[in-house]
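Throughout, numbering of the chain's residues begins at 1 and tracks the sequence. Any value given below was found using the heavy atoms of this structure, including those in side chains, with hydrogens, waters and symmetry copies removed.
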Amino acid sequence: MGLPIAHLICATNKNSVLYDVLSTGTYDCNRDFYVTNSPSMDILVSSNFERLIYHLGGAKLSEETQAELANSGKYHLPKAVYEELKKTFWTEKVDDQETQATIKAVSNESHYIIDPHTAVAYAASQKLKPTNYNVILATASPYKFADTVEKAIEEA
């Protein structure tokens, strides 16, 4: 479409399996699972990442990595695929406290209420400080997470 996108940011919460694979090249779901205030990010196995591996490495690599994941709970990306990922993706993780603080800050500064998932994306982008314009795509309603949002906004 002609939009000059330099990087995509993969923002994650405390369940940082995607942060780790984008940082190290190893996908390892042999870890503790956390329930956070951004529950749609509470994953250890990402079907979307499987699609990305298919796109970058083909069907055989996708099948092999998913078989390894099923057998051992982890796999290592080939160097060429990992290097390609690093060209496109930046990654950052955000904990619950940062998520809450971001909801409050955006509300105070912009008079706009965001959901916890959008807050994770916003906080990650602020940590990474992209040099050009930054676009965050949000799909969740803050009203779906009313308790979390209300608590964040009301905290002193």
Partners of Leu8 by side chain to side chain contact (heavy atoms under 4.5 Å, CB included), sequence neighbours excluded? Ile5, Thr88, Phe89
Going from [atom1] on [X] to [atom2] on [Y], what distance comes out if it is rounded to the nearest 0.5 angstrom?
X: Leu77; Y: Thr26; atom1: CG; atom2: OG1; answer: 7.5 Å
X: Ile114; Y: Ser107; atom1: CD1; atom2: OG; answer: 9.0 Å
X: Ile103; Y: Asp115; atom1: CD1; atom2: CG; answer: 7.5 Å
X: Arg51; Y: Ser62; atom1: CZ; atom2: OG; answer: 10.0 Å
X: Leu44; Y: Asp28; atom1: CG; atom2: CG; answer: 9.5 Å
X: Asn134; Y: Leu128; atom1: CG; atom2: CG; answer: 9.0 Å

Contacts of type side chain to side chain donor-acceptor pair (under 3.5 Å), residue Asn71, not counting sequence neighbours: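 Partners of Asn71 by the side chain to side chain donor-acceptor pair (under 3.5 Å) criterion come out as none, since no residue qualifies.
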Mind checking side chain to side chain donor-acceptor pair (under 3.5 Å) for Asp20 and listing every partner two or more places apart, or none if nothing turns up? Arg31
Flag, side chain of His117 to backbone of Ala140, donor-acceptor distance under 3.5 Å: no
[X] with [Y], same ILVMFWY side-chain cluster at under 4.5 Å:
X: Val106; Y: Val94; result: no
X: Trp90; Y: Leu52; result: no
X: Tyr122; Y: Val149; result: yes
X: Ile113; Y: Ile136; result: yes
X: Val17; Y: Val120; result: no

Heavy-atom pair with the smallest gap, counting every atom of [X] and [Y]:
X: Val81; Y: Gly57; answer: CG2-CA, 4.3 Å
X: Cys10; Y: Thr91; answer: O-OG1, 2.9 Å
X: Ala11; Y: Met41; answer: O-CE, 3.9 Å
X: Glu92; Y: Lys127; answer: CG-CD, 3.4 Å
X: Ser16; Y: Lys93; answer: CB-CD, 3.8 Å
X: Lys86; Y: Leu22; answer: CG-O, 4.2 Å

Hey, are Glu63 and Lys60 close enough for a salt bridge, meaning a charged N less than 4.0 Å from a carboxylate O?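 Between Lys60 and Glu63 there is no salt bridge, as every charged N stays at least 4.0 Å from the carboxylate O atoms.
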Answer yes or no: does atom OH of Tyr82 have more than 12 heavy-atom neighbours from other residues, nucleotides or ligands under 6.0 Å?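 More than 12 within 6.0 Å, yes.
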Would you say [X] and [Y] make side-chain contact, with heavy atoms under 4.5 Å?
X: Ile43; Y: Asn15; result: no
X: Glu68; Y: Tyr27; result: no
X: Leu61; Y: Leu56; result: no

Dump the intermediate steps for side chain to side chain contact (heavy atoms under 4.5 Å, CB included) on Tyr75 and Ile53, then the final yes or no. CA-CA 12 Å; Tyr75 61 83; Ile53 297 305; 4.1 Å; yes
Does the pair Phe49 and Val21 meet the rule for a side chain to side chain contact (heavy atoms under 4.5 Å, CB included), with working shown? CA-CA 10 Å; Phe49 196 75; Val21 70; 3.7 Å; yes
For a side chain to side chain donor-acceptor pair (under 3.5 Å) with Asn13, tell me which candidate from Asp42, Asp95, Thr99 qualifies.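 Of the listed options, the one satisfying the test is Asp42.
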Assess whether side-chain hydrogen bond (donor to acceptor under 3.5 Å, both in side chains) is satisfied between Asn37 and Thr148, documenting all intermediate values. CA-CA 7 Å; Asn37 60 17; Thr148 298; 5.4 Å; no
